[in-house]
Amino acid sequence: MALAIRDAELKGERVGVRCEDGSIAELGAGVDPAPGDEVIDAAGLALIPGLVNGHTHAAMTLFRGYADDLPLMEWLEGHIWPVEKRMSDEDVYWGTRLACLEMIRTGTTSFWDMYWHAHAAARAVEDAGVRAVTAAPLIDDSDPAKSERACSDAERSLDQIAEAGGELARPGFAPHAIYSLSERSLRWVAERAAELEMPIQIHLSETRGEVDGCEREHGMRPAQWLDHCGILGPHTVLAHGVWLDDAELELIAERGATVVTNPVANMKLAVGGIFPYPGARDRGVRMGLGTDGPGSNNSLDLLADAKVFALIQKHLAADPAAVTAGESFRLATGGCSQLLGGGWLKAGQPADLLLVRSGAPELQPGDLVANLIYAASGSVVDTTVVAGRALMRGGVIEGADEVVARADERAHALGLA
Ligand SMILES: [Zn+2]
């Protein structure tokens with residue numbers, strides 16, 4: 001069945017939308033529902049593209065409110081990693097379902113996920129109805145002897161994701177970081193990803209210590225090392241990029257890789273720096289915005305993070321004009337990188353779109369985009385459509401209570417709540 005939206009506000013005009021086979025079939029003034037369409041009456045609602053969360057670890061919703069306010073390594077080694085060793089497919093499934101629920105509520109229609117039991121995450125994504133690139137982290141402790149095993153695990157995980165996923169959950173590679181992987185594994189990922197035409201996501205240049213370690217071991221900076229290993233290309237997402245210098249930004253722009261900045265998680269984990277956005281933009285680097293995992297954010301509300309992104313960049317540059325609301329909105333909707341797959345509001349594009357309550361106090365009066373970035377949060381989203389399917393209407397998501405209850409059960413069983 002086709003989905004039709006009538007009487008939505010778009011740039012001061014009243015428009016209609018018809019979605020067929022997952023795509024926008026028609027959009028504009030005078031587009032009316034056809035007989036048999038599921039119809040959404042959008043009077044009082046404004047139409048905007050869905051948000052794209054470029055980096056997260058969705059199932060870490062189970063860790064929300066657990067072991068906050070600790071130094072990074074104590075948090076990871078003492079609290080996160082020991083629990084992750086005990087997690088099952090079902091834990092990851094319900095943790096990811098909880099994440100999808102929050103994302104649907106706050107307007108995220110697609111996300112890039114890196115987490116263990118990635119096939120369970122893929123199943124959750126399909127059942128929730130959102131889009132994601134799901135990938136299992138690849139780690140070999142920088143030990144070439146462990147590389148073969150790690151790579152064959154990654155290969156098997158791809159098959160499992162392909163089996164569990166479908167139209168919405170796509171497989172990818174997730175080499176964890178340069179400090180947790182040998183050159184052998186990084187080169188293997190580069191080759192296999194090229195052969196299979198699959199995307200790669202990797203953490204890069206998150207902490208000062210990572211940069212120092214890379215220079216000490218390899219005599220070059222992190223982006224140069226990744227390039228040396230063949231990873232830096234147009235199908236690669238680099239999460240963080242906090243400490244990238246000008247030469248690295250030039251190189252990343254030249255290779256066409258995408259940097260996803262995660263300002264809230266960077267500040268919560270106190271990495272001590274911020275992604276050099278103006279320098280990246282001026283060099284033509286492709287970019288996106290991410291929340292990072294709910295263990296270190298702790299929210300998945302991308303509009304809230306878009307405000308933090310804009311503010312911290314202005315503050316750092318000591319220039320309120322350093323980034324505009326329009327740029328921040330484009331970043332949050334995947335519009336600054338083709339790889340991230342942001343939806344565009346035009347016929348032929350994927351039908352991933354939102355209706356926001358334009359009469360909400362935080363959206364009145366003034367410019368919609370400025371209000372979305374500086375005044376609103378995801379709570380203004382009324383309707384979330386992914387691939388032409390309305391996952392939330394009037395703020396209501398079917399089956400939400402069960403997802404919250406099941407995720408809560410899993411967190412309790414793991415001793416996290
Ligand atoms: Zn991360």
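Whatever order the structure lists them in is the order used to number ligands and atoms, beginning at 1.
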Legend entry - Polar side-chain atom of H240 near backbone of L204 as donor-acceptor pair, under 3.5 Å: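 No, H240 side chain to L204 backbone: no donor-acceptor pair under 3.5 Å.
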Legend entry - Sidechain-backbone polar pair: Q364 side chain, P361 backbone, donor-acceptor under 3.5 Å: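 Answer holds: no.
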Legend entry - Distance-only side-chain donor-acceptor flag, N53 / T291, under 3.5 Å: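 Result is yes, a qualifying pair exists.
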Residue [X] atom name (nearest to the Zn ion (ligand 1); N/O/S):
| X | answer |
| --- | --- |
| H203 | NE2 |
| H57 | NE2 |
| D292 | OD1 |

Inset, instruction - Specify whether H119 and H117 have parallel, tilted or perpendicular ring planes, treating 30° as the upper limit for parallel and 60° as the lower limit for perpendicular. - result: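 Tilted.
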